[in-house]
Amino acid sequence: MSQQTQTVLLRGGLDLVSPTIAIPPGQVRAAINYAPDVAGYTLFGNYERFDGHPRPSDSDDPTTIAARRTAISAVPGTGSVLGVHVYNGHVYAFRDSVSGAGKMYADSTSGWSEFTAFGTILDFISGGTAQFEEGETIVGGTSAASATIDRLVQRDGDWSLSDAGGYLVLSDVSGTFVAGETVTSSSGSAVVSGTSTVSLYAGGRYECLNHNFYGPAKLERMYFANGQGTAFEFSGEWIAPIRTGIDQGAAEDVPYLLARDGSTIIGRGGDSLIGRLFADRPTHLAEYANHLWHGYRSGAVLYSGDGEPLDYRTLVGAGDIDFGDRVTGFIDVASTSLIIFGRNRSEYVTGTDVDTFDNKTISKKSGAIEWSQAIIDVPLFMDDAGVRRLTSTNAFGDWRMGTITQQIQPLVDAKREAGVEVTAAVIVKSRDQYLLFFDDGSGLILYFGRKNPEVMPFLLPIVVRCACAGEIDADRGDRIFVGADDGYVYELFRGRSFDGSDLKAYIAPVWNFEGAPNNNKRFHMVRYAVSSSEDIELGLSFSLDFANQGPTTKVTGDVDAGSPLITTDYYANVDFTQIAEAEFRRSISGLGRNFSPVVVYQSAENLPHTLQTMTVNFSLRNQIRG
């Protein structure tokens, strides 16, 4: 019989549960390190190490690439990278020192640079009738010590009544301030009650965010917490601890004024702070309605005053919410609501201030696995059922949960049963992708660029422990960074390899009956349309009849790169080179009801390519009877 052809668009992702005959032929039955995107299935997993040195991938010379890779070091310290974040054009990484102290580093052209300007905390009481101003110099009346005020935090009292209390964050300290002395500046004065050194806490896992609470341009600051001590505010030059007042000592030392919903409102000097009797160790932070929100393992949720991320007095609009489950994360949804996740509970908050904040229940039984939350148009997270999303209901303004990984449920179940844990999640905005990382080096890519989400798995030779997206160069888009078990920070979507090692990938399309499930066919040829900017080599292995006939021996073939659409010879300073389509074609010979041609890739030399379509040449044979 004459040959027929069938061409399918490669899209739809992995499907492990639908009946084979019902799965569109563009989907896949198995895959590793190919990602669904707008053009088809694109090679995924290229990354390279990062510390601010010149990037290896910015060179085309193999010797230079190798030398640059060698020059890039791990974040100094021991253990995993505990946090990575982009702020003010730099990448910051957190890792514990060998001695067991928490450390923070910034990228630089010479590698990781430790931040050491932690400064001094000066606690004060009995303030004068006028408050200090940030940027002023204070002088000790007894010690003659001096310092610059970086941050002023009032915690109670009233300057006009000379009983204000709080703390100063100081830099450029000369001499030693002593308790009981009066310190003065050009604006104010107070009595010193104690001093200490700002330091980071070892261990934990860091969550960071950037926000400008103060209005004027260039006052965006970085806020972070790791569950081991207070949260912090970072300006790029100094670090200030954020004392919420949640740790107020033993019960017998606390003057109780009012108890409500498990909280204790404590007061001093006419002011009041929201407090509970446990340590001030937030694990998660969020910004919502210009308040800084803290989430705790105990189930407490605190928020700062309006526009005052370091002030937790009720006088300035601070407050708390009894959540009732260990907080596993927040998501701020377009500034209209704040979603609070526990492991087995989820709620959302609406309103703009302490008088209008209102928390409502989404689910009393379902929450989010820690570190899985992200937002790409809608909130995304993972729970025991798989990856889920929250969609709002127009009629009531409420939220509705829906699972979006049903097609790979066996894989989700296998991860859960094996005790594999989620470690990080990040959004790749330019690709409409949500990346979810596990502690066995594997992960999931979810693509949201079409009507239905598409899911594919990946497997890396590193274990990612934290991830972030951020803009290094203005108006150049986000870059994706991850921190790993081996102490390195890596940039994803950079280079041609697994940081110098071969990138391995394969993709197996679903069993294709070519529209005639009850007929044998003679398969003659398979062609993949490939988008690649350079010549690549792919391998092909095909199986028939659900692999009952066994796979064929893998064969390899070259794929020529597309040519420039417009030659660059005419323009000395403008490169018009574009990716153009090429074709991976192989003649085959096999007889069976269905057919699955597996594409295999392994190289450290090529930029990512995209498999766009698959065309199969076949001819119908006998109908199967009985």
Side-chain angles (χ1 to χ4, degrees), residues 8-38 40-45 366-369 371-374 376-391 401-428 431-460 463-464 467 504-512 543 546-547 596 598-600 611 614:
V8 298
L9 296 173
L10 295 175
R11 58 179 57 182
L14 179 64
D15 191 334
L16 300 176
V17 299
S18 299
T20 300
I21 199 169
I23 303 175
Q27 291 189 242
V28 302
R29 59 185 175 88
I32 285 292
N33 295 335
Y34 275 96
D37 68 13
V38 65
Y41 298 131
T42 297
L43 187 71
F44 173 86
S366 181
I369 294 173
W371 311 118
S372 68
Q373 300 91 343
I376 181 169
D377 295 331
V378 296
L380 303 170
F381 59 96
M382 189 173 193
D383 69 3
D384 292 335
V387 177
R388 310 188 78 180
R389 62 180 169 187
L390 287 173
T391 54
M401 287 187 178
T403 303
I404 54 178
T405 50
Q406 297 98 327
Q407 290 187 341
I408 63 161
Q409 195 62 44
L411 178 58
V412 172
D413 294 342
K415 294 290 184 187
R416 183 179 64 251
E417 292 167 6
V420 176
E421 299 286 345
V422 172
T423 60
V426 68
I427 296 298
V428 188
R431 299 168 184 253
D432 292 323
Q433 291 172 343
Y434 163 77
L435 307 184
L436 187 67
F437 300 88
F438 298 103
D439 64 5
D440 62 352
S442 68
L444 299 176
I445 310 159
L446 279 78
Y447 173 64
F448 291 87
R450 283 185 273 273
K451 181 179 179 180
N452 296 314
E454 301 175 13
V455 190
M456 299 276 268
F458 63 85
L459 181 64
L460 305 178
V463 175
V464 170
K504 301 176 182 179
Y506 70 86
I507 189 165
V510 297
W511 299 103
N512 192 348
S543 298
F546 303 110
S596 178
V598 180
V599 174
V600 181
L611 304 176
M614 178 183 69

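Residues passing the salt bridge (charged side-chain N to carboxylate O under 4.0 Å, His left out) test with Asp384, sequence neighbours excluded: Arg343. In this structure, the side chain to side chain donor-acceptor pair (under 3.5 Å) partners of Arg388, at least two apart in sequence or on a different chain, are Ser366, Asp383, Thr403.
Side-chain contact between Thr20 and Phe546: present, with at least one pair of heavy atoms (C-beta onward) separated by less than 4.5 Å. Proximity of Tyr41 to Val28: side-chain heavy atoms (C-beta onward) are separated by under 4.5 Å at one or more points. Annotation: side chain of Ile445 is not in contact with side chain of Asp37 (no heavy-atom distance under 4.5 Å). Residues Ser543 and Val598 are not in side-chain contact: their nearest non-hydrogen atoms beyond the backbone lie 4.5 Å or more apart. You'll find the side chain of Asp439 reaches within 4.5 Å of the side chain of Val420, heavy atoms only. Ile404 is listed as a side-chain neighbour of Phe448, based on a closest heavy-atom distance under 4.5 Å. With a 4.5 Å cut-off on side-chain heavy atoms, Leu446 and Leu380 do not count as touching.
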Problem - Derivation of the ring-ring contact (aromatic ring centres under 6.0 Å, His included) call for Phe381 and Tyr434 - result: CA-CA 10 Å; Phe381 59 96; Tyr434 163 77; 9.6 Å; no
Practice task
Just do the side-chain contact (heavy atoms from CB on, under 4.5 Å) check on Ile507 and Val599 with the steps written out, would you?
Solution key: CA-CA 5 Å; Ile507 189 165; Val599 174; 3.8 Å; yes
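For the pair Met456 and Ala31, the tightest heavy-atom approach, listed with the atom from each and the gap, is CE-CB, 3.9 Å. What you find for Ala467 and Val426 is that their closest heavy atoms are CB-CB, 4.0 Å. Leu444 approaches Phe458 most closely through the heavy-atom pair N-CE2, 3.3 Å. Considering all non-hydrogen atoms of both residues, Gly386 and Val412 come closest at CA-CG1, 3.8 Å. Nearest heavy-atom pair, Pro36 versus Glu454, reported as atom, atom and distance to 0.1 Å: CB-OE1, 3.4 Å. Across every non-hydrogen atom of Ala35 and Phe44, the tightest pair is CB-CB, 4.0 Å.
Between the side chain of Asp15 and the backbone N or O of Val17 there is at least one donor-acceptor pair closer than 3.5 Å. Between the side chain of Tyr447 and the backbone N or O of Val38 there is at least one donor-acceptor pair closer than 3.5 Å. Side chain of Asn33 to backbone of Leu459: a donor-acceptor contact under 3.5 angstrom is found.
Separation of atoms CG (Leu611) and OG1 (Thr42) is listed at 8.0 Å; rounding is to 0.5 Å. With rounding to the nearest 0.5 angstrom, the CZ atom of Phe438 is 4.5 Å from the CG atom of Leu436. For the atom pair Arg389 CZ and Thr405 OG1, the distance stands at 11.0 Å (nearest 0.5 Å). Once rounded to the nearest 0.5 Å, the distance linking CD1 of Ile427 with CD1 of Ile376 reads 4.5 Å. To the nearest 0.5 Å, atoms OG (Ser596) and CE (Met614) are separated by 7.5 Å.
Residue pairs meeting the salt bridge (Lys or Arg N to Asp or Glu O under 4.0 Å) criterion with at least one partner in residues 406-421, sequence neighbours excluded, are Asp413-Arg416, Lys415-Asp440.
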